[in-house]
Chemist: 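I'd like to ask you about the structure that follows.
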Amino acid sequence: MSILNALPENSGIIICGHGSRAKIAEQEFSLLVSGLRARCPNLQIEYGFLEYSSPNIHMALDRLIESGVNNIFAVPGMLFSATHAQNDIPSVLTTYMQKHPGLTVKYGTALGLHDEMIQAFQHRIMAAAGLECRPEPGALYDTLLVVVGRGTSVATANADAAKLTRIVAENMGFGWCETVYAGVTFPSVGRGLEMAVKLGFKKIVVAPYFLFSGRLIGRINAYVEKVAAENPDITFMLADYLRDQTHVINAFIIRIEEAVSQPSENDGLMENFQAKLAAGETAVHHHHAEFQLEHDHSHSHDHGHKHKRYRHIAHPHGPRTMIDEHVCCCFMSQFPEQVIEQERRLRQKRGPPGADDQTPQCQNR
């Protein structure tokens, strides 16, 4: 029996997401939480977002308190522990607790590379490759696996995506594997795919390790379509993202159980954030998550916080390759002006794209 069934009535769960300008991402997040509620019908489970989407985290916490909950277990609805899971969500939870004496919030960990998440990802890849079960050794030696990670300024989170690629490639027996990233770091999706086709494989599976849809998924799809059109002799297979796959829900349940069972003296994400805050090594970040939404954030670019510029922002095979490709001003503002000018001069030198060489545009879904 799950320890969640034994929680007192004053206990509740909140799943903390980032939020997206794409409404489909909000809908898919809601469906995943519905799956969690179906698995734990006696638990009060809410969800909230840092920015862009509604409800925000404060709204979700308010709902829990209004229903009589004062013992809350929070879990980041994110794949890896990067800046949002390490700093931004703990910041919001900390300020909320300070304003509500008597409220207890214990914070868990991101989904990470739990075996349930690896199983979910492999199921998506098998479906893309037309497989019903894990193939026998040798069956995929003629196929290249390209995993697309989100990309972040936190090197360990990027390394986790690369580690995932290696685990899946060995579990399933791919002939070769590469990791590319949809934002922030290198290699970018477009540049990575351009290099991948040079390896000589005639079958390539592209698998985005994303929980939900959104602009980045649209951009990934557009890059795959572009590179596939330029290489008609190669068969591209695009895997679906994770959504509310059964193994994903299993992983969330496990992370919630871990948050419930963690000792009061702990060195988790919340404790690490609060220790850094006390030492003056970080500061509280104010997000939309801390205020009532009084206007439409569907295309708001005022995040209410600033992130330090990624040290490899000018990498020749990194995010600069996406400059001017219908990315938002928040992304463009990360680049020094000289990098933007250099990239534009390089494109002018290459000449305008032809009809069969269109730059992939962000597909706003």
Chemist: Among side-chain atoms of T104 and N71, is any donor-acceptor pair under 3.5 angstrom?
Modeler: no
Chemist: So that I can tick it off, tell me whether E66 and R63 are bridged by a salt bridge, with the cut-off set at under 4.0 angstrom between side-chain N and carboxylate O.
Modeler: no
Chemist: Please answer whether the main-chain N or O of M59 pairs with a side-chain N or O of N56 as donor and acceptor at a distance below 3.5 Å.
Modeler: yes
Chemist: Taking NZ, NE, NH1 and NH2 as the nitrogens, is one of them in E46 or R37 under 4.0 Å from a carboxylate oxygen of the other?
Modeler: yes
Chemist: Spell out, as yes or no, whether a donor-acceptor pair under 3.5 Å connects the side chain of S53 to the backbone of S20.
Modeler: yes
Chemist: Look up atom CD1 in I234 and atom CE in M237, then write down how far apart they are to the nearest 0.5 Å.
Modeler: 10.5 Å
Chemist: Given 3.5 Å as the limit, does a donor-acceptor pair link the side chain of T94 with the main chain of P90, or not?
Modeler: yes
Chemist: Report the residues that fulfil ring-ring contact (aromatic ring centres under 6.0 Å, His included) with H123, sequence neighbours left out, ordered by chain and then residue number.
Modeler: H247
Chemist: Any carboxylate oxygen within less than 4.0 angstrom of a Lys/Arg side-chain nitrogen, looking at E258 and R255?
Modeler: yes
Chemist: Between atom OG1 of T109 and atom CE of M78, what is the distance when rounded to the nearest 0.5 Å?
Modeler: 13.0 Å
Chemist: Closer than 3.5 angstrom, by distance alone: can the side chain of Y181 be matched with the main-chain N or O of N158 as a donor-acceptor pair?
Modeler: yes
Chemist: Centre of Y241's six-membered ring, under 6.0 Å away, within 45 degrees of the axis: is that where NZ or CZ of R243 sits?
Modeler: yes
Chemist: Would you mind telling me which of T152, L113, V154, T156 makes a side chain to side chain contact (heavy atoms under 4.5 Å, CB included) with F80?
Modeler: L113
Chemist: Please confirm whether the backbone N or O of E26 pairs with a side-chain atom of S30, one donor and one acceptor, at under 3.5 Å?
Modeler: no
Chemist: Among residues at least two apart in sequence or on other chains, which ones pass ring-ring contact (aromatic ring centres under 6.0 Å, His included) with Y96?
Modeler: H58, H100
Chemist: Side chains of residues 167-180: which donor-acceptor partners sit under 3.5 Å, not counting sequence neighbours?
Modeler:
from, atom 1, to, atom 2, distance (Å)
E170, OE2, R166, NE, 3.0
E170, OE2, R166, NH2, 3.1
N171, ND2, Q122, OE1, 2.8
W176, NE1, E178, OE2, 2.8
T179, OG1, T165, OG1, 2.8

Chemist: Considering only distance and modelled atom types, tabulate donor-acceptor pairs under 3.5 Å from the side chains of residues 131-149, sequence neighbours left out.
Modeler:
from, atom 1, to, atom 2, distance (Å)
D142, OD2, K203, NZ, 3.0

Chemist: Please report the shortest heavy-atom distance between L193 and V227, naming the atom on each side.
Modeler: CB-CG2, 3.9 Å
Chemist: Between I256 and I15, does a side-chain contact (heavy atoms from CB on, under 4.5 Å) hold up when you go through it step by step?
Modeler: CA-CA 9 Å; I256 295 169; I15 308 299; 4.1 Å; yes
Chemist: Ignoring hydrogens, what is the shortest heavy-atom contact between L216 and A182? Give both atom names and the distance.
Modeler: CD2-O, 3.8 Å
Chemist: Can you name the residues that form a side-chain contact (heavy atoms from CB on, under 4.5 Å) with A74, not counting sequence neighbours?
Modeler: I14, C16, L93, V105, Y107
Chemist: Can any side-chain N or O of R124 pair as donor or acceptor with the backbone N or O of L242 at less than 3.5 Å?
Modeler: yes
Chemist: Does Y47 have any ring-ring contact (aromatic ring centres under 6.0 Å, His included) partners at least two apart in sequence or in another chain, and if so, which?
Modeler: F29, F49
Chemist: Stepwise, does the side-chain contact (heavy atoms from CB on, under 4.5 Å) test hold for R39 with N250?
Modeler: CA-CA 9 Å; R39 294 276 290 274; N250 292 346; 2.9 Å; yes
